[in-house]
Amino acid sequence: MSPAIRVAPVEDIAEGEGLKVDRSVTGTADHIAVLRDDDGEFYALDDTCTHEEASLAEGWIENGQVECPLHAARFCLRTGAALCLPATRHIRRHQVEVRDGEIWLLPDMAPVP
Amino acid sequence: MSGQVRRIVVVGGGIGGVSTCAALRSGGYDGALTLIDEGEYPYDRPPLSKRFLGASGGFPLIALRPDAWYDDQRITLLTNSRVAGLLPGEASVRLADGGVIGADRVVLATGGRAARPPIPGADGPRVHVLRTVNDAIRLRASLGPGVRLLVVGAGLIGAEVTSTAVELGCEVCLVDPDARPLAGAVGDRLAGWLHDQHAARGMTVLREAVAYLRDTGRTVLAGLTGGSREFDAVVLGTGMTPAAELAETAGLEVSGGIIVDQGQVTSSPAVLAVGDPARPRLPDGRLGRRAEHWEAAQHDALRAAATILGAPQPAATAPWFWTDRYGRHVEVVGSMADAGEIVFRGAAGDGPFAAFGLRGPQIVSAVAVDQPLAVRAARRLIDRHAEVDRGLLADPAVDLRRLSRRPRIPQDETAVPQESGWGS
C-alpha cells in the first residue's frame, strides 16, 4: 500500500460528480477516478473504461454505479464489477477516505494481473 | 417460471442472443441453455464500421464475452452451426448437419443481412457490404492510402465507414439521394448538420442514386449523373434485411420482420424473437418499426427472458443509440421526429453541443455531440415524463445532472430554486 494522497476538499466534488487524478500523481498504471455517489459517498476506480478509451470520471454517477460516457457500460462503485455490456472486465478499485473534510486516496499498487 | 421450461435454445450469437442467455441466467433459469451461432464466435457488431475496420486483428478484439463466461453460465455454445429449421408444432430445432436439439422454448436472435439495392452490378467482386466480421476483414483489406472508395448510402453504416476510410487515407465519394439522411432519427436540422460534416472534411458528397456498377477487372465504374466515375472499391450501406426465414418456414407470422408481442413472443407461444429481426405489434394492434439498434436488442432480450421466466417486464426506456464519425461522438435518445420544438444547448459546430426535442412541456428526445451527460440526463427526464424549463435546458451553465435528479426536500426554502423546471 502506498502513502495516502490528498485529493481535494470534500466540497470540490459534488454529489454525482467525479474527479480524475492523473497517474503521474497516483503512480498507478491508469489514472484514478474519484467518484462521489448521489448519496454523498466517495469511491475510487481506475479511470479508463475496460471496454474502450473513455474516462469514468466524466461518467454518470448514480445509485452505486458509474456509467461510461462513451457506450454506457456500467460499473459498481463499491466493487468495480462490470454490470452490463459492452464492458465484460471488472475495473480496479482503490481505497478512498475522508479525513477532516479532505478526500484522501490510497491507490492499489498491486501489479496488474 | 413456467415449471415445464427446462430446455431453451437461442438461435444467433449477436448482442440479442448473448443478452438473452445472460438475462435468463441472471433471472434464475437453471435449466439447459444452448446458444447456436453460424459464425466462429459471438462478437459485437458496432466496432465493425469503426475501431475494428481501422485496426488489424480478429475476434478477440470484439468478442462479446470471454470464453470462460459460457462455461460459468453453463451455456452450451455451438459455433459454426446452422439451424435448418424449427420442428413443426414444437420448439425444437433441426441443425443443418441433421442433429435435433429438443427445447421447450426457442428464442430467434437471427439478426439480418446487409441489403443489396437493385443496382446492376451490386453483387460484383469489388462491391462490399458490412454486416459480419468477415465482411469487415474483407473490406479493410481493400482500404488504404489513395484508394478511391465509393460509399453508397449515408446512413449510420455509410457515414461511419466513410469516416474510418478517410482516416485510413482513402479518397471517398459518398452518394445518397437523400439530402438529410437520418432525419427520421435526429430531425432535419441536425441530420443536415451531420451530413455536412462529410463535405466539410473534403469528401465528395453527391445527392443522387447510382445507376449501375460495372466491374472492369481492376476497378468499378459507377453510373452517376454526368457519366461514369471510376473507383477501386464500393461499399453498400443501404440497410438490412431481417433474417426471418426460419420463422417464415415454420409458419410464424412474418411481415417486414418476425412479428412479436410486447413480451417478444411470436405467433407460436413456444417461440420468441429478439433484436434486429423482431418487429413489434404495438398495444393498439398496429405494427411498429424494427428497432435495429444495439441497445434495443438488449432490451428485447430482457423482455424475452422475463416472459419465459414469468417475471415482471422491465421498465420501458427511451431508445438510445450512438454513432462515431470524424472523432465526434454522437448520441441520440428518443425520436427527434416526435418533437414539436427543438431547444439547442450550445451551437451546432466544432465544440460539444446538444439539442432537446420537446412536445408541449415534456422532453421527448435529445441529440448530443461530445456531450454524453446531456443525453443521460435527458433520458432520465424522458423516462419519467418530466416537464422541463426551456431556459434551463438551453443554458450551458446549468448542470443537467442536477436538473435531471429529483429535487430533494429543501431544508431551507431558499436552498432550491422553485422553478417549474425541476421535474415532475
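Treat the numbers as computed from the prediction; the structure is a model and nothing was measured. Each chain gets a letter, A, B and so on, in the order its sequence line appears, and its residues count up from 1.
B/Ser26 does not touch chain A: none of its heavy atoms, backbone or side chain, sits under 4.5 Å away. Heavy atoms closer than 4.5 Å to chain A are found in the side chain of B/Gln298, but not in its backbone. Only the side chain of B/Ile15 comes within contact range of chain A, judged by heavy atoms closer than 4.5 Å. Residue B/Ala377 touches chain A through both its backbone and its side chain, counting heavy-atom pairs closer than 4.5 Å. Residue B/Arg379 does not touch chain A at all, counting heavy-atom pairs closer than 4.5 Å. Contacts between B/Glu295 and chain A at a heavy-atom distance below 4.5 Å are absent for every atom of the residue. At a 4.5 Å heavy-atom cutoff, the contact between B/Trp294 and chain A is made by side-chain atoms alone.
The salt bridge (Lys or Arg N to Asp or Glu O under 4.0 Å) test applied to B/Arg131 returns B/Asp276, not counting sequence neighbours.
Using non-hydrogen atoms only and a strict 4.5 Å limit, the part of residues 54-62 of chain A facing chain B consists of A/Glu58, A/Gly59, A/Trp60, A/Ile61, A/Glu62. Within residues 70-87 of chain A, the residues approaching chain B closer than 4.5 Å by heavy atoms are, in numerical order, A/Leu70, A/His71, A/Ala72, A/Leu85, A/Pro86. Of all residues spanning residues 317-326 of chain B, those with a heavy atom less than 4.5 Å away from chain A's heavy atoms are B/Trp320, B/Trp322, B/Asp324, arranged by number.
To the nearest 0.5 Å, the span separating CG on B/Asp44 from CG on B/Leu61 amounts to 11.5 Å.
Between B/Tyr41 and B/Val133, the closest side-chain pair of non-hydrogen atoms is not below 4.5 Å. Within the 4.5 Å cutoff, no side-chain heavy atoms of A/Ile103 are placed close to those of A/Arg36. At least one side-chain heavy atom of B/Leu403 sits under 4.5 Å from a side-chain heavy atom of B/Leu393. With a 4.5 Å cut-off on side-chain heavy atoms, A/Val7 and A/Phe42 do not count as touching.
Comment: A/Asp108 engages A/Arg92 in a salt bridge, judged by a side-chain N to carboxylate O separation of less than 4.0 angstrom. Using a 4.0 Å cut-off between charged side-chain N and carboxylate O, B/Arg303 and B/Asp300 make a salt bridge.
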